[in-house]
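Step one of this worksheet: look at the structure below.
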Amino acid sequence: MSWLKRWRRARVLRQTEIDPHLWRTIAARYPFVRALSAPELEQLRELVIVFLHEKAVHGAGGMAIRDEVRLAIAVQACMLILNLGPDYYRGWVEVIVYPDEFVAEYDYVDEDGVAHHIEQPMTGESWERGPVVISWADVQEAGSGAGYNVVMHEFAHKLDMLNGPPNGYPPLHAGMERSRWSSAFTAAYEDFCDKVDDGADIAIDEYAAESPAEFFAVMSEAFFEAPATVHAQYPEVYEQLRQFYRQDPAAREAGLESGRQTLATVP
Ligand SMILES: [Zn+2]
């Protein structure tokens, strides 16, 4: 990172405050934030300030952008980059928020040369080098423990797109092995698709079977929302995600639960 960028960010941190009441309200909303240590929570707060300074959050379809909306999106987006840093969201600036599902329109020509016009309802969409588009109604379903998190899903696509079109293969850190990532994700993806075909009851969003890119995005949101599930079902994928995100949400969640038990047993 250039000294100028670092200096600008330091200045933004010095000069910007988040309303403490709103911060506490939003932070308390999500189990994955409640599980953070005090230094991690402060790191998240600083990332959120930089994020909101460097990204523009715009409403569409009549959506009014209140501070609560900006903060809720920023908190969830920044959880992914807590130990990666703001430059992982480089190269684009806009987040567009619709009040509810929105319709994406696109054209394509099939194998027989027939042109199709598709209008598809969407809860979120990420454009390469372009905006992240999300439905606020779906943002509000996050934090339930069901593994569903549209903000994390779309921002995971952004990380995947750092090295080209989304393919479930984000840029790995030094020390991570491409072959390990590939074998973990390929085996898990094949197993997942088989289970979906068999109609098996899986605790992870079936949309993951759509493509390796969607599998990475869905596993990423589940990694933070329902880490124990990912850890139990696909331990090797969990390990690769732990190394990539440089976070261990299952260990954090376990710590939180044992902490709660301790508190609960205090007379
Ligand atoms: Zn997706």
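One-based numbering, in listed order, for ligands and for the atoms of each.
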*What is the NE2(H153)-the Zn ion (ligand 1)-OE1(E214) angle, to the nearest 10 degrees?*
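Value, to the nearest 10 degrees: 90°.
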
*Hey, is the Zn ion (ligand 1) within less than 2.8 Å of some N/O/S atom on E154?*
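It does not; every qualifying atom lies at 2.8 Å or beyond.
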
*H157: its N/O/S atom lying closest to the Zn ion (ligand 1) (atom name)*: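 Distance check against the Zn ion (ligand 1) picks out NE2 in H157.
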
Would you be so kind as to tabulate the donor-acceptor pairs closer than 3.5 Å made by side chains of residues 58-75, with sequence neighbours excluded?
unit_1	atom_1	unit_2	atom_2	d
H58	ND1	E94	OE2	2.6
R66	NH2	E68	OE1	3.0
E68	OE2	R29	NH1	3.3
E68	OE2	R29	NH2	3.1

*Show the numbers, then the answer: is there a salt bridge (Lys or Arg N to Asp or Glu O under 4.0 Å) between K195 and D201?*
CA-CA 8 Å; K195 283 185 175 145; D201 189 17; over 6 Å; no

_Check this for me: does any side-chain nitrogen of one of R252 and D248 sit under 4.0 Å from a carboxylate oxygen of the other?_
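The answer is no: the pair does not qualify as a salt bridge.
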
*asked:* Between V132 and M161, is there shared hydrophobic-cluster membership here, with clusters defined by ILVMFWY side-chain heavy atoms closer than 4.5 Å?
replied: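 Each belongs to a different hydrophobic cluster.
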
